[in-house]
Every structure is written in C-alpha cells, then in structure tokens.
Amino acid sequence: MSFQVTPQRVWNGPGPPGRPDQTTECQSPATPELAMCRGTKFTLVAVDNRGSHTESTYVSVRTSCPVVDDSRAEEIADRVYNLYNGYTSGKEQQMAYNMLMEIPPPLLYRVQHHYNSHYERFGDFVWRSEDELGPRKANLILRRVETISLYCRSLLRSTHIQSRTDTMAFVYCQSDEGGPPSNIWHGSLHDRRAMCMEKLISLQRNTYSNTKLR
C-alpha cells in the first residue's frame, strides 16, 4: 500500500472566474496572534499494488495571518498624508500611488488604519485617495486588500500590533532514496526508509491588542 499526496494552494479570498472558491474558514483561537486564516490543502490518496485508488481525503494545514511591521505602516501613512496635503503635483501623486501599490496588501490595510486614525478629520483614506489619484487608481489600490480574510482584517484594525520572533522545533525527514522533486509525492510504508532529525526554526509573528503592549 502506498500513499499519494498532492498539495493545493488554499486561497484567502474568492477564486478567479471559472474556479471554485477555496476560501479557508478562519478560526478564533484563545490567543489572537495564533489566528489561523491561510494554509495549504493536501489531497491524500491510498494506492494498492494493483493501482486501485481509495477516495480522496483532504487535509488542510493552516498558517497564521501575515506579519506586518506596524512602525513602517505608521511611517507610510504619515508620508501619504504629507503627499496628499495641500497642493499635490503629478510627481507627488505618482509617488503616493507607486508606494501604495508596491507594499504587501496586509501592510497597505494597516496603513489605511493608521491614516484614518490620525488624519480622518481631513478626509478618510478612501476619499482622499480618490480625490488625489482619481477613482481608477484609487480602486486599483483598494482592490489589493480584498484578498485578506475578514478575521485577519479585524486583527489588523487592532490599536497596537507588535512583532516578535519565536523559535520552534520541528522534525525534518528525508528518504534515503533519491529522486527528482515533484508536486506529487509517492511513498510506500514498507519500501521506503527515512532519516529524521529535529531542527529549530525562527518565525516572526505579531501580537495584537487594544491596550498598550509592554
């Protein structure tokens, strides 16, 4: 008996036209920094000696929300406000547009949060972007955050976000039978031997709070 594992990417948002929606449901854990909202789905199939396949079983491995640098998000929000404030030349408009299109969507969402927190009395981020850049460019910017899950958006609206690095142990296994890499992994419980060792990996993560974090 052998097993066939095929990885499939799980989307954060609606799938493209003509493709089923593969949105992963977000769970609300006891500690919000462990929010599980993204991941990879694997198809597991057993194959016997005659090539017969069992029914597919789907296994999802979920990961945490994307890590953001909150200090950088606040700095970008201040820069965007300064570019939008007063008379805005075409050069300044293009600088603001390029900056907002180049940063990752989670960071962009946090920039929007900081902008509205500090400068909403002068017009919120959406209105000011449409006014300064025009509806078309503003829409291109705002559409980038649509891939962020609703639960991760709620965390990105937290009053305080801090970054930290955690060290985690994991087990790394490698078969003694070499072979070319493939998206489909075939393994026999009886015919394959693997060497395993424990390793350490450093992971960056965010902590979220509506009160000042120490």
Side-chain angles (χ1 to χ4, degrees), residues 9-13 23-40 61-86 88 92-133 137-168 170 200-214:
R9 189 66 193 162
V10 175
W11 290 62
N12 264 333
T23 303
T24 301
E25 291 294 330
C26 292
Q27 304 297 323
S28 177
T31 52
E33 66 268 20
L34 299 178
M36 300 298 184
C37 295
R38 301 172 59 196
T40 301
V61 179
R62 294 176 182 175
T63 56
S64 60
C65 294
V67 176
V68 297
D69 183 340
D70 198 40
S71 298
R72 185 180 175 215
E74 195 161 14
E75 290 173 2
I76 294 174
D78 292 339
R79 288 185 61 189
V80 171
Y81 169 75
N82 290 331
L83 290 171
Y84 285 176
N85 190 32
T88 306
E92 290 168 326
Q93 291 174 347
Q94 191 63 38
M95 285 177 59
Y97 174 75
N98 290 344
M99 182 166 45
L100 295 172
M101 288 296 288
E102 289 171 359
I103 61 177
L107 186 62
L108 172 60
Y109 195 82
R110 189 64 179 170
V111 167
Q112 181 177 347
H113 169 82
H114 280 302
Y115 188 99
N116 290 337
S117 297
H118 297 312
Y119 308 116
E120 192 170 21
R121 62 186 180 277
F122 304 111
D124 68 12
F125 179 82
V126 174
W127 183 84
R128 290 293 290 149
S129 296
E130 290 177 344
D131 186 55
E132 295 293 340
L133 306 178
K137 285 186 174 181
N139 184 56
L140 290 174
I141 293 170
L142 297 173
R143 283 179 57 187
R144 300 185 63 227
V145 303
E146 293 177 0
T147 58
I148 305 173
S149 68
L150 294 178
Y151 189 71
C152 286
R153 292 188 201 189
S154 69
L155 292 178
L156 290 170
R157 289 194 295 269
S158 301
T159 306
H160 302 284
I161 298 180
Q162 286 189 345
S163 301
R164 76 182 193 203
T165 302
D166 289 345
T167 301
M168 298 180 64
F170 70 99
L200 296 176
I201 185 172
S202 296
L203 298 173
Q204 278 196 314
R205 67 197 317 169
N206 287 140
T207 55
Y208 309 87
S209 175
N210 287 322
T211 57
K212 185 66 175 178
L213 298 171
R214 293 183 178 180

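Bear in mind the structure is a predicted one, so any value in this text is a computation, not a measurement.
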Heavy-atom pair of closest approach, residues Ala73 and Val111
O-CG2, 3.6 Å

Please find out if less than 6.0 Å separates the ring center of Tyr81 from that of Phe122.
yes

Hey, could you give me the CD/OG distance between Gln112 and Ser129, rounded to the nearest 0.5 Å?
8.0 Å

Partners passing ring-ring contact (aromatic ring centres under 6.0 Å, His included) against Phe125 (at least two apart in sequence or in another chain)
Tyr115

CD1 of Ile201 to CE of Met168: how many Å apart, nearest 0.5 Å?
8.5 Å

Interatomic spacing from CD in Glu92 to CZ in Arg79 - rounded to 0.5 Å:
11.5 Å

Which residues pass the ring-ring contact (aromatic ring centres under 6.0 Å, His included) test with Tyr109, not counting sequence neighbours?
none

What are the two closest heavy atoms between Val67 and Asn206, and how far apart are they?
CA-OD1, 3.2 Å

Reported CZ-to-CG distance for the pair Arg205 and Asp166, which is rounded to 0.5 angstrom
4.5 Å

Set of side-chain hydrogen bond (donor to acceptor under 3.5 Å, both in side chains) partners for Asn116, sequence neighbours left out:
none

Tightest non-hydrogen contact, residues Tyr208 and Ser158, listed as CB-OG, 3.5 Å

Looking at Asp124 and Glu120, would you say the former's side chain and the latter's main chain have a donor-acceptor pair under 3.5 Å?
no

Note: Leu156 and Pro106 closest approach over all heavy atoms is CD1-O, 3.9 Å

Check the side chains of Asp70 and His160 for a donor-acceptor pair under 3.5 angstrom, ignoring hydrogens and angles.
no

For Arg164 and Thr207, which heavy atoms make the closest approach, and how far apart are they?
NH1-CG2, 3.5 Å

At what distance, to the nearest 0.5 angstrom, does NE2 of His114 lie from OG of Ser71?
8.0 Å

Out of Gln94, Glu132, Glu130, which residue meets the side-chain hydrogen bond (donor to acceptor under 3.5 Å, both in side chains) rule with Lys137?
Gln94

To the nearest 0.5 angstrom, please state how far the CG atom of Leu108 sits from the CD1 atom of Ile148.
7.0 Å

Provide the closest heavy-atom pair for Arg144 versus Glu102 in the form atom of the first, atom of the second, distance.
NH1-N, 4.3 Å

Using only atom types and a distance under 3.5 Å, with no angle test, would you say the side chain of Arg128 pairs donor to acceptor with the backbone of Val80?
no

Spell out, as yes or no, whether a donor-acceptor pair under 3.5 Å connects the side chain of Arg110 to the backbone of Val68.
no

